[in-house]
There are 2 protein chains.
Amino acid sequence: MFHNIEIDKGQPIYIQIKNYFRTMIAKGMLQKGERLPSTRELSSLLKVSRNTVISAYESLVDDGFINIIEGKGAFVSDINISSGGGWVTEWESRINEYAREARDLDIVKQEAVWEKEMIPMSSISPEPELFPMEDFKRAFMNIISLEGYKILNYGYAQGYKPLLDYLTGYMESKGVNTEGKSVLITNGFTEAFEILISSLTKEGDPILCENPTHNTALKIMKLRKLDILGAHMDGGGISIQEVKRIIENNKVKLAYITPSYHNPTGITMPWERRIELYDILAGNDIPIIENGFNEELRYFGSHISPIAAIGGRGNGVIYTGSFSKILFPGLRLGWIVADTALIDYLESVKRSRNIHTSFLDQAILYEFFREGSFEKYIKKARRVYKQKYEAAIAAVRQNIPQAMLYGDGGLHIFIKHKGINSRNLLSECIKKGVIFTPGDIFYINDEGKDAFRLGFSRVRADDIEIGIKIISSTIENIRE
Amino acid sequence: MFHNIEIDKGQPIYIQIKNYFRTMIAKGMLQKGERLPSTRELSSLLKVSRNTVISAYESLVDDGFINIIEGKGAFVSDINISSGGGWVTEWESRINEYAREARDLDIVKQEAVWEKEMIPMSSISPEPELFPMEDFKRAFMNIISLEGYKILNYGYAQGYKPLLDYLTGYMESKGVNTEGKSVLITNGFTEAFEILISSLTKEGDPILCENPTHNTALKIMKLRKLDILGAHMDGGGISIQEVKRIIENNKVKLAYITPSYHNPTGITMPWERRIELYDILAGNDIPIIENGFNEELRYFGSHISPIAAIGGRGNGVIYTGSFSKILFPGLRLGWIVADTALIDYLESVKRSRNIHTSFLDQAILYEFFREGSFEKYIKKARRVYKQKYEAAIAAVRQNIPQAMLYGDGGLHIFIKHKGINSRNLLSECIKKGVIFTPGDIFYINDEGKDAFRLGFSRVRADDIEIGIKIISSTIENIRE
């Protein structure tokens with residue numbers, strides 16, 4: 001006995017010895033009143049110092065697992081162990097419809113996933129090799145020096161004040177009038193949208209959106225059992241004719257719109273259409289949830305203000321932002337800018353869900369911005385992504401000239417190709433080492449079978465053309 | 001014009017100049033085609049280097065706000081500005097019942113809050129001055145060196161693998177058999193419980209719990225409109241007689257139990273009662289959600305295994321854990337240990353809510369544990385809190401001897417006092433600089449008016465007796 005204590009280099013040795021005994025005792029393999037080996041015996045058996053064993057035993061005393069009786073040794077405390085174990089319940093039948101559907105709609109569980117060596121055209125997450133790690137570390141050290149333990153204790157549901165102020169200024173610099181509005185920090189766009197939908201809708205409510213649209217947003221609307229009314233898109237974004245038709249025939253409650261570098265199409269809505277869309281929705285008093293997730297990834301043309309900038313001091317547009325498509329998505333930071341009265345409710349919902357978003361992460365990101373590291377980074381990131389974007393566009397034009405090609409910036413392009421089935425195309429391409437996202441997951445109904453999304457952010461520059469050539473030749477093959 | 005560019009020390013100057021112009025342009029105060037001052041003019045006006053102004057202008061070009069025409073100057077791009085602003089929508093009426101109730105049940109908004117100089121007996125958050133900041137910084141630097149950018153990119157909904165493995169071992173050392181079980185990382189206990197309730201219940205489902213119970217759990221159950229069936233407690237925890245009676249008369253679907261250092265009472269259920277409770281619930285196939293939030297804060301007596309340890313390889317107990325009452329609550333890290341089939345669904349729900357919990361925070365905490373910093377810290381924290389605990393117990397026994405006093409460890413004690421109204425007591429005590437938590441917020445129905453919770457974690461050692469003396473004398477006054 002005790003020969004099987006495995007010591008590795010991972011943890012301080014005294015903790016490993018302690019955990020070994022904790023587990024032995026907790027599981028009843030060492031029983032109440034049993035004597036542990038003397039510290040001398042165990043130290044020679046394990047070839048560790050006697051002090052190490054003493055520390056382990058002291059820690060076991062602290063945790064209430066053993067008692068030390070002076071001159072007699074260490075004995076297992078009055079720990080009771082169950083002999084139970086017969087109760088096995090059946091969980092499958094206890095899962096409710098909501099959780100079941102969350103699993104059915106979970107693309108990570110339902111779709112093909114990237115494997116090593118594949119060209120990852122399914123990803124639209126940022127290239128982490130671009131992350132400025134030294135700047136990030138400096139931001140951490142500086143903010144910890146400044147704030148100390150404060151940012152490690154409970155914070156406020158609304159968010160870390162300096163970050164809230166920073167984002168207010170940032171929205172102002174996008175032309176949004178923030179008078180009478182407030183910011184709420186969320187765990188990324190996903191939580192922002194989920195909280196909004198949970199707070200503003202009930203089952204069956206009609207919601208207007210682009211068709212196709214972001215599959216995570218679609219999942220959240222489906223889980224809420226909304227009546228999702230999709231308007232087709234053309235090269236300039238959502239079709240105004242369709243919007244009018246839908247509004248005439250339904251009591252639309254909310255609209256969800258991604259005007260810049262839309263997911264999955266990459267389309268950017270021109271300013272004139274933003275105004276037109278805003279006017280129609282304002283005229284019908286249908287609030288807009290605007291997703292600005294990709295806005296910073298503009299490679300050419302003038303800045304186009306978000307829809308939230310149109311209303312001036314009006315309050316009909318809720319803006320949701322995220323930096324997850326640009327940097328540090330692992331931190332899960334997003335935000336909502338909306339009417340102060342609305343944010344007041346959303347803040348309570350946020351608190352009921354998870355108290356608040358990590359204050360450490362918020363503080364690091366704030367400091368990263370304050371020091372100017374974001375400006376430096378975005379300049380470099382835009383340059384790299386712009387090259388990849390241009391390479392992708394060029395490769396598709398040359399190799400799949402018959403396809404309809406969409407994408408005005410961001411980290412992906414979208415392709416429609418008459419006569420193909422993108423699911424079959426995907427299966428064949430995976431065999432050849434290329435993975436992308438089939439179009440149908442972005443559509444409300446049974447559409448998008450002839451479409452697919454190509455992400456280029458994580459693809460090495462050389463592989464963009466290679467990947468697209470493989471797709472092109474596979475299209476030829478499956479059409480034969 | 002431009003005199004009003006305020007330069008402060010907060011941010012690199014070129015970014016401040018850029019943001020000034022971005023906002024001016026985005027808001028239409030500088031219009032399409034207008035010429036910006038020359039870099040020479042502006043640098044002399046603002047008394048900054050010309051290179052700084054050049055950087056600002058370059059950055060404005062990158063963002064698409066201006067164009068530079070060689071030899072002519074910098075001109076505002078084709079940015080369109082809205083003259084809109086008439087649309088003001090009424091948000092109050094759009095808030096649904098759920099969000100409205102989340103706000104009504106939000107104690108931060110409804111209850112008196114601590115103000116500077118008050119003795120903070122309402123708080124049960126850890127004393128942040130105890131946080132080992134140097135160890136925390138080291139954990140950050142070490143894990144960043146090891147993992148690099150990986151922990152800043154998207155991770156997995158279930159959690160950071162090394163932390164999952166660590167917690168599996170940790171649960172084993174509490175006597176929990178983790179065969180056939182998995183761990184899910186959540187944003188604290190709050191999210192763990194919220195996801196469980198969302199996934200396993202529907203409106204009106206009967207749920208059994210201690211009465212009183214944790215007010216956040218109560219809020220979540222109320223928001224889900226569950227039929228909350230509270231069983232009274234005695235000095236050994238939930239009354240078994242009551243549990244039997246409730247089960248006989250209702251089709252109870254789930255039980256929610258906090259067996260150690262219960263919130264608000266501080267009561268720890270002895271091992272024999274844990275077995276008895278387990279047997280009854282197992283016999284009726286009613287799964288248990290166990291809250292182990294305070295388990296590490298044991299100051300005396302032998303270790304008592306969690307209820308989750310009773311079932312052996314059985315799967316009827318869901319264990320939820322959190323370190324937020326011990327260290328770094330600002331990180332919002334908690335976990336669920338449950339049957340693997342159940343975790344598979346919960347993981348998809350977690351993904352639909354916010355993709356995953358911050359991988360940076362998970363990785364830092366893992367490294368903090370791996371390096372043995374938690375062991376060192378908990379030793380010190382237990383010593384400090386034990387002293388405060390003993391001071392609080394002694395002060396109540398001496399100054400409010402007529403009160404019923406509960407609390408076996410943790411960061412708070414609970415007091416029942418016949419004939420008082422704790423709301424009135426609180427109002428009077430606040431005037432004298434002492435704040436605590438009135439008991440009624442922990443009760444399901446209209447009970448607990450004669451009870452209150454005293455947290456001592458954030459109270460300075462000297463202030464514990466002072467605070468309790470003030471409460472004692474106020475009790476005398478309001479009874480007169």
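In what follows, chains carry the letters A, B, and so on, assigned in the order in which the sequence lines appear, proteins first and then strands, with residues in each chain numbered from 1.
- Contact of B/Lys109 with chain A is made through the side chain alone, with heavy-atom distances under 4.5 Å.
- Contact of B/Ile364 with chain A is made through the side chain alone, with heavy-atom distances under 4.5 Å.
- The shortest non-hydrogen separation linking B/Gly314 to A/Val88 is CA-CG2, 4.3 Å.
- In terms of heavy atoms, A/Thr89 sits closest to B/Gly316 at CG2-CA, 4.1 Å.
- Within the 4.5 angstrom heavy-atom criterion, only side-chain atoms of B/Ile144, from C-beta onward, approach chain A.
- When B/Leu331, B/Ile95, B/Asp78 are compared by the number of non-hydrogen pairs under 4.5 Å with chain A, B/Ile95 comes out ahead.
- A donor-acceptor contact under 3.5 angstrom links the side chains of A/Ser173 and B/Arg22, judged on distance only.
- Minimum heavy-atom separation, B/Trp87 to A/Ile286: CH2-O, 3.2 Å.
- For A/Thr201, the part lying under 4.5 angstrom from a heavy atom of chain B is the backbone only.
- Options A/Ala309, A/Ser123, A/Gly169, A/Ser125 differ in how many heavy-atom pairs under 4.5 Å they form with chain B, and the most are formed by A/Ser125.
- The part of B/Tyr166 that comes within reach of chain A is its side chain, from C-beta onward, which places non-hydrogen atoms under 4.5 angstrom from that chain.
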Stepwise, does the side chain to side chain contact (heavy atoms under 4.5 Å, CB included) test hold for B/Val349 with A/Tyr98? CA-CA 8 Å; B/Val349 171; A/Tyr98 166 77; 3.9 Å; yes
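- Classified by interplanar angle (parallel below 30°, tilted 30° to 60°, perpendicular above 60°), the ring pair B/Tyr149/A/Phe131 is perpendicular.
- Contact annotation for A/Glu194: only side-chain heavy atoms (C-beta onward) come within less than 4.5 Å of a heavy atom of chain B.
- The two residues B/Ser302 and A/Ile79 have their closest heavy-atom pair at CB-CD1, 4.5 Å.
- The contact between B/Phe328 and chain A is made by backbone and side chain atoms together, counting heavy-atom distances below 4.5 Å.
- Looking at heavy atoms from C-beta onward, B/Asn96 lies out of side-chain contact with A/Lys202 at the 4.5 angstrom threshold.
- Ranked by heavy-atom pairs shorter than 4.5 Å toward chain B, the options A/Ser199, A/Ala338, A/Gly188, A/Gly148 are led by A/Ser199.
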Give the C-alpha distance, both sets of side-chain angles, the deciding distance and a yes or no for salt bridge (charged side-chain N to carboxylate O under 4.0 Å, His left out) between A/Arg383 and B/Asp62. CA-CA 10 Å; A/Arg383 197 181 60 238; B/Asp62 286 346; over 6 Å; no
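- The greatest number of non-hydrogen atom pairs below 4.5 Å with chain B, out of A/Gln362, A/Lys253, A/Glu92, is found for A/Glu92.
- Across every non-hydrogen atom of A/Pro287 and B/Trp91, the tightest pair is CB-CH2, 3.5 Å.
- For A/Glu172, the parts sitting under 4.5 Å from any heavy atom of chain B are the backbone and the side chain alike.
- By the side-chain hydrogen bond (donor to acceptor under 3.5 Å, both in side chains) test, A/Arg298 pairs with no residue at all, sequence neighbours left out.
- Partners of B/Ile355 under the side-chain contact (heavy atoms from CB on, under 4.5 Å) rule, at least two apart in sequence or in another chain, are A/Thr190, A/Arg332, B/Tyr154.
- Under 4.0 Å is where a charged nitrogen must lie from a carboxylate oxygen, and between A/Asp63 and B/Arg382 at least one such pair does.
- Interface residue B/Arg370: backbone and side-chain heavy atoms are both found under 4.5 Å from chain A.
- Residue B/Glu296: no heavy atom, backbone or side chain, is found under 4.5 Å from chain A.
- For B/Leu223, the part sitting under 4.5 Å from any heavy atom of chain A is the side chain, from C-beta outward, and nothing else.
- B/Phe140 is listed as a side-chain neighbour of A/Lys137, based on a closest heavy-atom distance under 4.5 Å.
- Both the backbone and the side chain of B/Asp344 come within contact range of chain A, with heavy atoms under 4.5 Å apart.
- For chain A, no part of B/Arg274 is nearby; none of its heavy atoms comes within less than 4.5 Å.
- Only the side chain of B/Ser59 comes within less than 4.5 Å of a heavy atom of chain A; its backbone N, CA, C and O stay farther away.
- Checking each of A/Ile107, A/Leu105, A/Val108 against B/Arg351 for a side-chain contact (heavy atoms from CB on, under 4.5 Å) leaves exactly one that passes, namely A/Val108.
- Heavy-atom distances place no part of B/Thr186 under 4.5 Å from chain A, backbone and side chain included.
- When heavy atoms are compared at a cutoff of 4.5 Å, B/Lys18 approaches chain A solely by way of its side chain, counted from C-beta outward.
- Only the side chain of B/Glu272 comes within contact range of chain A, judged by heavy atoms closer than 4.5 Å.
- No other option in B/Pro128, B/Ser77, B/Ala363, B/Ala102 has as many heavy-atom pairs under 4.5 Å with chain A as B/Pro128.
- Shortest non-hydrogen contact noted between A/Asn80 and B/Ser305 is O-OG, 4.2 Å.
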